[in-house]
Amino acid sequence: MTVTVSAPRSALRPRVLRHTLRRSIRATVGWSLALGGLVVLYAATWPAFRNSREYARLFDELPAAYRSMFTSTGAGMTTAAGFFHAELFALTGPLLVLLAAMGAGVRAVAGEEERGRLDLLLATPVSRARWVIEHAVALAAGVLAICATDAVVMLAAGAAVSADLTPGNVIAAWVHVGVAGIWFGILAVAVGAATGRPALARITVGIVALAMYLVNGLAPMSPVLERLQPLSVFRYAIGDDPLVTGLHAGHLALVLVTALPVLAAGAWLFRRRDLRH
Amino acid sequence: MDIDRALPAAPPAAESSRDGHTAIVCHALGKRFGRHRAVVDLYLSVNAGEVVGYLGPNGAGKTTTLRLLTGALRPTAGSATVSGLDCWRSAPAVHRDLGYVPSEPALDLRVTGAVLLDLDASMRDVRATAARPAQYALADRLVLDLTRRVGELSRGNRQKLAVVLALWHRPRVLLLDEPTTGLDPLVQDTFRELLRDTAAAGAAVLLSSHALAEVERFAHRVVVLREGRVVANADVATLRHHAPHRVRVRFADPAAATVLDTVSGVADRRADGDEVTFSVRRHAIGDLVAALGRVRVTDLEIREAELEELFRSLYGGAP
Ligand SMILES: Nc1ncnc2c1ncn2[C@@H]1O[C@H](COP(=O)(O)OP(=O)(O)OP(=O)(O)O)[C@@H](O)[C@H]1O
Ligand SMILES: [Mg+2]
């Protein structure tokens, strides 16, 4: 029997990406549906809000600092964009996307390692750095797939209740949330790769995300927090109210660029340590 | 890359390839986990075409050695190299020609064996369609269904899958950590043929085990490890030559057993009524027969000792 394999293929050709994507399909579909259900639910309540001047006034009369947890541009609850931003993009949307990304990020290295599978998987010509990078790419693709699906769900649900939403801004808002999710997912990959401990990766992401969320939301209340606000990923993900103001490409690029050294540090530490058994 | 030496139809055994170059070399290799020294100043080499059995009691450091060789662990002293490449620093290059069966292989349970083999091919940058013939031929030979989900496979069948994963790409270096665990005797025979073919094709094989009897059947040479140190390193043929014989004699008159006192080289003597069992060195067999000729013997059995018995002393007490 003779098996002839063609000439060596490109070093850039992914080795584990396709398999990783296929394995994550179920999680990706699950998160898309969960988040899509939430979008539909909020859309269903929009007509009631639109018609209730009282609720809108109530929101507008909240102390400014408190209101800033829900909106940064001062858009009230009386516009569809303001409503969806406050309900969906101020907390629940980013939170669910973050959880999806964290799950994928933890699984990438620490999860496989805890199950004892990494020994065999990494006894192949795939380097540890390549393993980390391809899993980060798969994670980004999965998160963007969730956000793309739910942008479409939101456009459809918004149209169904005649919410006055700009399609371009809807897409922009989901891209912003997705990029934030990718940043935290990569943090999970990096901590998992550096330590091999899934729980530690989850705790780290949880603490960093909570701190960044509070810094961004409470910035108007304290000069100290205000000075820290530029360090918060949420400042760039939701601080612009993209559903109201559209895409902020510079801010997205900034978030993605800062993820790179995080990933590089994780890969570097991964290459220097023993695999756990 | 050309994978034209399909394993299942490998060429007949070529003993001469045992004299090939040294493929695996551990040089003053050491591994500490905190205070605990799992491997200490280890010198070990395996030639191309050679099968070396790696023996030792629980916790001796066998798995640690193999994981140092796969680059999963970083040495704390010395070095491990495969074909001149450092197992830690050049791990991906080493892995191109490496097959590894971990102890208790952990595999993704939700997918089929075929999917895992596809992934392995992809990680080795081999097209799935090019890899499949060799993979399926091996699976057939081991009687393994690749279309079933790994989670549904029995323990022994999972072990077979681990063997297929390690062998399909015809590695030049094979590291096997207690690979026959869970395999039934028929499959063990097939596995032994596979190993022989792999070695005959020029691969260096390091195989860990607890049972000398098993390694004896697979290996050309045996290395025994104890508390992280090599305590024996010998050719299986040589060992066998020096191994004592086990003798069982039944005397017509139990008192006649005293003739054994005149034979030097008798050890481990145990009497049970008129029956006496003992071991005797080869050089003393002539004396033994002469001594037995002077009394009435009703039954006699002499057999080659299991190497196990020889090694009990090296292990120090219980194996
Ligand atoms: N990651 C680790 N951290 C700490 N100690 C370890 C680690 N891996 C192995 N050890 C210790 O190193 C020693 C050697 O273990 P190893 O697994 O190499 O033994 P072994 O010869 O394979 O034993 P067995 O026959 O039971 O498989 C043991 O004392 C073990 O507890
Ligand atoms: Mg072991």
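Heavy-atom basis, side chains included; hydrogens, waters and symmetry copies ignored. Every chain is numbered from 1 and lettered A, B, ... according to where its sequence line falls, protein lines coming before strand lines.
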Quiz item: Does the pair R23(A) and R110(B) meet the rule for a side chain to side chain contact (heavy atoms under 4.5 Å, CB included), with working shown?
Solution: CA-CA 9 Å; R23(A) 258 170 39 117; R110(B) 297 178 309 170; 4.2 Å; yes
Quiz item: Is it the case that more than 12 heavy atoms not belonging to R149(B) sit under 6.0 Å from its CZ atom?
Solution: yes
Quiz prompt | Region of R132(B) that comes under 4.5 Å of a non-hydrogen atom in chain A | solution = neither
Quiz item: Would you say R273(A) has more than 12 foreign heavy atoms packed within less than 6.0 Å of its CZ?
Solution: yes
Quiz item: Can you name the closest pair of heavy atoms from A106(B) and G116(A) and give their distance?
Solution: CB-O, 3.5 Å
Quiz prompt | Under 4.5 Å from any heavy atom of chain A - which part of A91(B) | solution = neither
Quiz item: Crowded around H251(A) NE2? As in, over 12 foreign heavy atoms under 6.0 Å?
Solution: yes
Quiz item: For V16(A), does its backbone N or O pair with a side-chain atom of S122(B) as donor and acceptor, under 3.5 Å?
Solution: no
When the side chains of residues 93-111 of chain A are checked against the rest of the protein, which donor-acceptor pairs come out under 3.5 Å, sequence neighbours left out?
none

Exercise answer: donor-acceptor pairs, residues 253-269 of chain A side-chain atoms, under 3.5 Å, sequence neighbours excluded:
{"from": "T258(A)", "atom 1": "OG1", "to": "W183(A)", "atom 2": "NE1", "distance (Å)": "3.0"}
{"from": "T258(A)", "atom 1": "OG1", "to": "L254(A)", "atom 2": "O", "distance (Å)": "3.3"}
{"from": "T258(A)", "atom 1": "OG1", "to": "V255(A)", "atom 2": "O", "distance (Å)": "2.8"}

Quiz prompt | Pairs satisfying side chain to side chain donor-acceptor pair (under 3.5 Å), at least one member in residues 70-88 of chain B, at least two apart | solution = none
Self-check item: Heavy-atom side-chain proximity of D274(A) to R67(B) below 4.5 angstrom
Solution: no
Quiz prompt | chain A contacts, top residue of A162(B), A93(B), P102(B) (heavy-atom pairs, under 4.5 Å) | solution = P102(B)
Quiz item: By a 4.5 Å heavy-atom criterion (distance strictly below it), what part of D108(B) contacts chain A: side chain, backbone, both, or neither?
Solution: both
Quiz item: So do the side chains of V111(B) and R22(A) get within less than 4.5 Å of each other, counting heavy atoms only?
Solution: no
Quiz item: Within a strict 4.5 Å, meaning less than it, do heavy atoms of the D125(B) and R13(A) side chains meet?
Solution: yes
Self-check item: Residues of residues 117-134 of chain A contacting chain B, heavy-atom criterion under 4.5 Å, by residue number
Solution: R117(A), D119(A), L120(A), L121(A), L122(A), A123(A), T124(A), P125(A), V126(A), S127(A), R128(A), W131(A)
